[in-house]
A.B. asks: 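Dropping the structure in here first, questions after.
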Amino acid sequence: MNNSHTTLIRSSSVLAAALLVGASLTGCSAIDAFKNSAADAWQVTYEVSVDSSEPTTLTAVSYLDQATRADTRAPVVNDSVTASPREGGIATWSVESIVIVGDTTSVTATPAEGLTATCRILLDGTREIASETSAAGAPVQCEAVAPPFDQ
């Protein structure tokens, strides 16, 4: 064989190997995305409330977000958010996401000094699966595993 033919064969072999490795790596994430796209998922509401009839700032707010079933869950961190006054002297902040059945979901926030905060995780806007209340000025955290639909 001449040198140019040998070089062509080697180059083709290296290219084929690289394509095979690349396809197998993207294949895993594609399989995960497909699996999640067919999985049962709940609409989840993260809610943090503070005993205040005025708008109040919550700091170090974080929660797990997943926009669609095919997306990867990722933490969202906000330095601060505003809890808006509602009826009954409670200021509330909330955000919606989704959670795949069997996945962990969580929210954390810190109220202003002297105020207590209560966090809740709700499925489909009504079913509470976690609730905690902090000490004054201390962070509050709720965490739960999303149950199967029949539970």
A.B. asks: Would you say D79 has more than 12 foreign heavy atoms packed within less than 6.0 Å of its CG?
C.D. replies: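 No, because the 6.0 Å sphere around CG of D79 holds 12 heavy atoms or fewer from other groups.
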A.B. asks: Is it possible for you to say whether V95 and I129 belong to one hydrophobic cluster, with membership spreading through side-chain heavy-atom contacts below 4.5 Å?
C.D. replies: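 Same cluster.
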A.B. asks: Kindly say whether V44 contributes a backbone atom to a donor-acceptor pair with the side chain of S97 at under 3.5 angstrom?
C.D. replies: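 Absent.
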A.B. asks: Which atom pair, heavy atoms only, marks the closest approach of I121 to A144?
C.D. replies: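 Distance-wise, the nearest heavy atoms are CD1-N, 4.3 Å.
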A.B. asks: Quick check on the hydrophobic clustering: are V145 and V101 connected, directly or via other members, by side-chain heavy-atom contacts under 4.5 Å?
C.D. replies: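 No, V145 does not connect to V101 through the hydrophobic network.
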A.B. asks: Restricting to pairs with a member in residues 45-59, which pass salt bridge (charged side-chain N to carboxylate O under 4.0 Å, His left out), not counting sequence neighbours?
C.D. replies: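 Checked against salt bridge (charged side-chain N to carboxylate O under 4.0 Å, His left out) - neighbours excluded - the pairs reaching residues 45-59 are E47-R120.
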A.B. asks: Is the distance between the ring centroids of W93 and Y46 under 6.0 Å?
C.D. replies: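 When the ring centroids of Y46 and W93 are compared, they turn out to be at least 6.0 Å apart.
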A.B. asks: May I ask you to test the Q66-I100 pair for a side-chain heavy-atom distance under 4.5 Å?
C.D. replies: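 Q66 reaches I100 side chain to side chain.
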A.B. asks: To the nearest 0.5 Å, what is the distance between OG1 on T108 and CD on E132?
C.D. replies: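 Atom-to-atom, T108:OG1 and E132:CD are 11.0 Å apart.
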A.B. asks: So, taking the atom named CD1 in I98 and the one named CG in D65, what distance separates them when rounded to the nearest 0.5 Å?
C.D. replies: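 So the gap between those two atoms works out to 9.0 Å.
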A.B. asks: Mind checking whether L58 and V50 have side chains closer than 4.5 Å, heavy atoms only?
C.D. replies: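 Sidechains of V50 and L58: in contact.
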A.B. asks: Supply the atom-to-atom distance L115 CG to T56 OG1, rounded to the nearest 0.5 angstrom.
C.D. replies: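 Here the interatomic distance stands at 5.0 Å.
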A.B. asks: What is the minimum heavy-atom distance between A109 and V61, and which atoms define it?
C.D. replies: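 Of all heavy-atom pairs spanning A109 and V61, the closest is CB-CG2, 3.9 Å.
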A.B. asks: For A41 versus R69, what's the shortest heavy-atom pair and its separation?
C.D. replies: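 Scanning both residues completely, I find the closest heavy atoms to be CB-NE, 3.3 Å.
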A.B. asks: Is a side-chain N or O of W42 found less than 3.5 angstrom from the main chain of P148, in a donor-acceptor match?
C.D. replies: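 Absent.
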A.B. asks: Of all the heavy-atom pairs spanning S49 and I90, show the shortest one and how long it is.
C.D. replies: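 For S49 versus I90, the nearest heavy atoms are CB-CG2, 3.5 Å.
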A.B. asks: Is there a side-chain contact between V48 and V107, using heavy atoms and a 4.5 Å cut-off?
C.D. replies: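 The answer is yes; the side chains approach within 4.5 Å.
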A.B. asks: Let me check something: do V77 and L64 share a hydrophobic cluster, defined by ILVMFWY side-chain heavy atoms less than 4.5 Å apart, either directly or through other members?
C.D. replies: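 Each belongs to a different hydrophobic cluster.
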A.B. asks: With distance as the sole criterion, is a donor-acceptor pair present between the side chains of T133 and T118 under 3.5 Å?
C.D. replies: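 Note: T133 and T118 side chains meet the donor-acceptor criterion.
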A.B. asks: Could you give the distance from CD (Q141) to OG1 (T110), rounded to the nearest 0.5 Å?
C.D. replies: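 OG1 of T110 is found 10.5 Å from CD of Q141.
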A.B. asks: What residues form a side chain to side chain contact (heavy atoms under 4.5 Å, CB included) with P85, not counting sequence neighbours?
C.D. replies: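 Per chain and number, P85 pairs via side chain to side chain contact (heavy atoms under 4.5 Å, CB included) with P55.
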A.B. asks: Not counting sequence neighbours, list each pair that qualifies as a salt bridge (charged side-chain N to carboxylate O under 4.0 Å, His left out) and has a residue in residues 136-145.
C.D. replies: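 Passing the test, one end in residues 136-145: no pairs.
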A.B. asks: Does the side chain of Q43 come under 3.5 Å of the side chain of E96 through a donor N or O and an acceptor N or O?
C.D. replies: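 On atom types as modelled, these side chains qualify, holding a pair under 3.5 Å.
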A.B. asks: Taking the side chain as every heavy atom from C-beta outward, state whether Y63 and T105 have any pair of such atoms under 4.5 Å apart.
C.D. replies: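 A side-chain contact is absent here, since even the closest heavy-atom pair is not under 4.5 Å.
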A.B. asks: Keeping the roles fixed (side chain from S134, backbone from A117), state whether a donor-acceptor pair exists under 3.5 Å.
C.D. replies: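 Side chain of S134 to backbone of A117: a pair is present.
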